[in-house]
Every structure is written in structure tokens, then in C-alpha cells.
Amino acid sequence: MLSYSSCILIALAALSVTCQALSKCPEISGLPGIPEKDGLKGLPDSLATKHHNALANLKHQLLRLEAVLALNGKIRKVGGKMFASNGKRTDFASALQSCEKAGGTLAAPMNEEENKAIMDIVKQYNQYAYVGIRMGEISGQFKYLNGMALNYINWHKHEPNGKGKEKCVEMYTDGTWNDKKCNMNRLTICKF
Ligand code: MAN
Ligand code: CA
């Protein structure tokens, strides 16, 4: 008969191999009653396995946090991007500044799915928002803030109509866009 402690050692060894194979790991160490792997003599162990487990745990915790934020309507995820608002209305420059201060930038819809995610936030706050699109200094064309040409547009009917005097862009509650002066108070929506 195998002793109880041998059974645990074998189970943990099997788990550590499975972890490496599946790139998916439960918390092995740090559980009450289960010794740290370091303390388990004779187990196949490596720094790589420990790091792998630590990263798997971090990823798991991050996914849990994102799920909570999404549940509370604080973030919207599209592809690899996250959109969120601070709920504040301000001019274009201040909106951009608060996004950058938080490590992001103003949200600019680059496809229909992103446009909908941003529109959902506009609807949530029932406030038109500035998007991260503005008129280029030289060309007079609307561009992303990094200077790239737009690859998706959703102008409202008859927009843009500002004839160069409306250099920023707002999103209406139906998700369509209007060129608008940059000194209005509009909802801040950031991309992270
Ligand atoms: C206002 C402004 C303009 C917009 C028109 C649409 O004048 O918001 O930017 O084009 O309304 O009627
Ligand atoms: Ca306009």
C-alpha cells in the first residue's frame, strides 16, 4: 500500500507534468495543507515550471478581474482592445489628456464592432463622446491621432460638413459621427 504522503507526491508530480503539457495550471503552491514545490524532495521541478504556474495564476486572476469589470459595465472588450469611460464630459484636449494619463488614448472606432462597443458606452451615459479622430493639420482630412488614414467611417448623413472649422469628431447615440468643434463638453471614452 502506498502511504498517503506518497500518493500526494505522485499526484503533484503528475499535475506538474500535465501543467507543462496543457499550458494551464491550477494553483499548486500556496494552497493550505499543500507544501511548496521547493519543499518536495524528489519531484521533477524547474524554475520554468514555477514561472509557468505563476503566470497561469496571474492570467487567471486578470481574467477574473476583467469579468467583474465587464459585469459592472466598466469595460468593453473587442479583439485585443478595451474601451472604458471615466464618465466625464470635457473638451477634446482634456479628454485625450486623461486617457493618456491613464496609459491609454482616446477611443477611435476602427471597424463596426469597435464602433458598436464605443456606441454602447455613449448610450450607457446618454452623452455624445469625442472619438480619437481629428482633422490633419496639412491635408485637412480626418485621420487617427497617430496620423494614419481612416480605414473605417460611420459619418451621419450630410457629415462631415464643417468645411475645416469643425476639426474634431463626436459620436452620436446611434453610433454615427459628426465633425464638431474641439471645445465642446463631450464624454471621454478611452482605449487601452
Ligand atoms: C450643428 C453642429 C454641426 C452639425 C449640424 C448638423 O450645427 O453640431 O457639426 O453638422 O449641427 O445639423
Ligand atoms: Ca458637423
Side-chain angles (χ1 to χ4, degrees), residues 23 54-192:
S23 306
L55 286 174
N57 288 337
L58 271 177
K59 186 177 170 188
H60 178 65
Q61 300 303 329
L62 281 175
L63 286 172
R64 280 159 37 102
L65 278 174
E66 285 184 3
V68 170
L69 289 171
L71 183 71
N72 289 335
K74 302 292 187 194
I75 58 169
R76 294 207 171 40
K77 287 184 74 178
V78 177
K81 300 179 186 173
M82 262 190 313
F83 300 110
S85 175
N86 58 7
K88 292 190 177 139
R89 282 157 48 92
T90 185
D91 61 87
F92 180 90
S94 307
L96 176 57
Q97 208 174 36
S98 34
C99 288
E100 288 181 342
K101 196 176 166 196
T105 187
L106 260 186
M110 299 190 73
N111 56 50
E112 199 181 329
E113 200 187 0
E114 292 185 8
N115 201 78
K116 184 181 178 308
I118 295 165
M119 180 188 72
D120 286 345
I121 301 176
V122 167
K123 283 182 168 162
Q124 178 178 4
Y125 289 91
N126 194 30
Q127 297 286 343
Y128 298 170
Y130 277 126
V131 296
I133 293 171
R134 75 186 147 188
M135 192 171 282
E137 291 296 331
I138 304 154
S139 68
Q141 298 277 308
F142 287 94
K143 296 166 178 258
Y144 299 114
L145 302 185
N146 66 7
M148 275 171 50
L150 302 184
N151 56 19
Y152 165 84
I153 53 168
N154 196 32
W155 294 112
H156 194 265
K157 202 175 174 189
H158 304 312
E159 306 295 347
N161 63 355
K163 298 175 181 157
K165 300 213 161 193
E166 298 180 318
K167 297 179 191 296
C168 287
V169 177
E170 65 183 352
M171 181 185 280
Y172 291 147
T173 40
D174 68 354
T176 61
W177 308 351
N178 172 37
D179 58 341
K180 191 76 182 174
K181 291 196 168 159
C182 302
N183 61 353
M184 314 295 292
N185 281 325
R186 292 291 179 265
L187 183 66
T188 304
I189 301 178
C190 309
K191 176 196 83 173
F192 297 94

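The shown structure was predicted, so the numbers you read here are calculated from the model rather than taken from an experiment.
- Applying the salt bridge (Lys or Arg N to Asp or Glu O under 4.0 Å) criterion to Glu166, with sequence neighbours excluded, gives no partner residue.
- A distance-only check finds no donor-acceptor pair linking the side chain of Asp91 to the backbone of Cys182 [under 3.5 Å].
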Practice item. Before giving the answer on side chain to side chain contact (heavy atoms under 4.5 Å, CB included), spell out for Leu187 and Ile121 the whole-Å C-alpha distance, their side-chain angles and the decisive distance to 0.1 Å. Key: CA-CA 9 Å; Leu187 183 66; Ile121 301 176; 4.3 Å; yes
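- Shown here are the salt bridge (Lys or Arg N to Asp or Glu O under 4.0 Å) partners of Glu100, two or more places apart in sequence or in another chain: there are none.
- Note that CD1 of Ile118 is 9.5 Å distant from NZ of Lys191, once rounded to the nearest 0.5 Å.
- Residues satisfying the salt bridge (Lys or Arg N to Asp or Glu O under 4.0 Å) test with Lys74, not counting sequence neighbours, are none.
- Remark: the backbone N or O of His156 is not paired with any side-chain donor or acceptor of Asn178 at under 3.5 angstrom.
- Within the structure, the ring-ring contact (aromatic ring centres under 6.0 Å, His included) test picks out the following pairs touching residues 85-106 (sequence neighbours left out): Phe92-Tyr130.
- The number of heavy atoms from other shown groups lying within 6.0 Å of CD (Gln124) is above 12.
- When all heavy atoms of Ile133 and Leu145 are compared, the pair lying nearest together is N-CD2, 4.0 Å.
- For Tyr144 (side chain) and Met110 (main-chain N/O), no donor-acceptor pair under 3.5 Å exists by modelled atom type.
- Residue pairs meeting the ring-ring contact (aromatic ring centres under 6.0 Å, His included) criterion with at least one member in residues 61-90: none, sequence neighbours excluded.
- In terms of the ring pair (Phe, Tyr, Trp, His ring centres under 6.0 Å) criterion, residue partners of Phe142 (sequence neighbours excluded) are, by chain and number, Trp155.
- Between the side chain of Thr90 and the backbone N or O of Ala95 there is no donor-acceptor pair closer than 3.5 Å.
- For the residue pair Trp177 and Pro109, the shortest heavy atom distance occurs at CZ2-CG, 3.6 Å.
- Other residues, nucleotides and ligands contribute at most 12 non-hydrogen atoms within 6.0 Å of the CD1 atom of Ile138.
- A 4.5 Å side-chain heavy-atom check between Ser85 and Gln127 finds every atom pair outside the cut-off.
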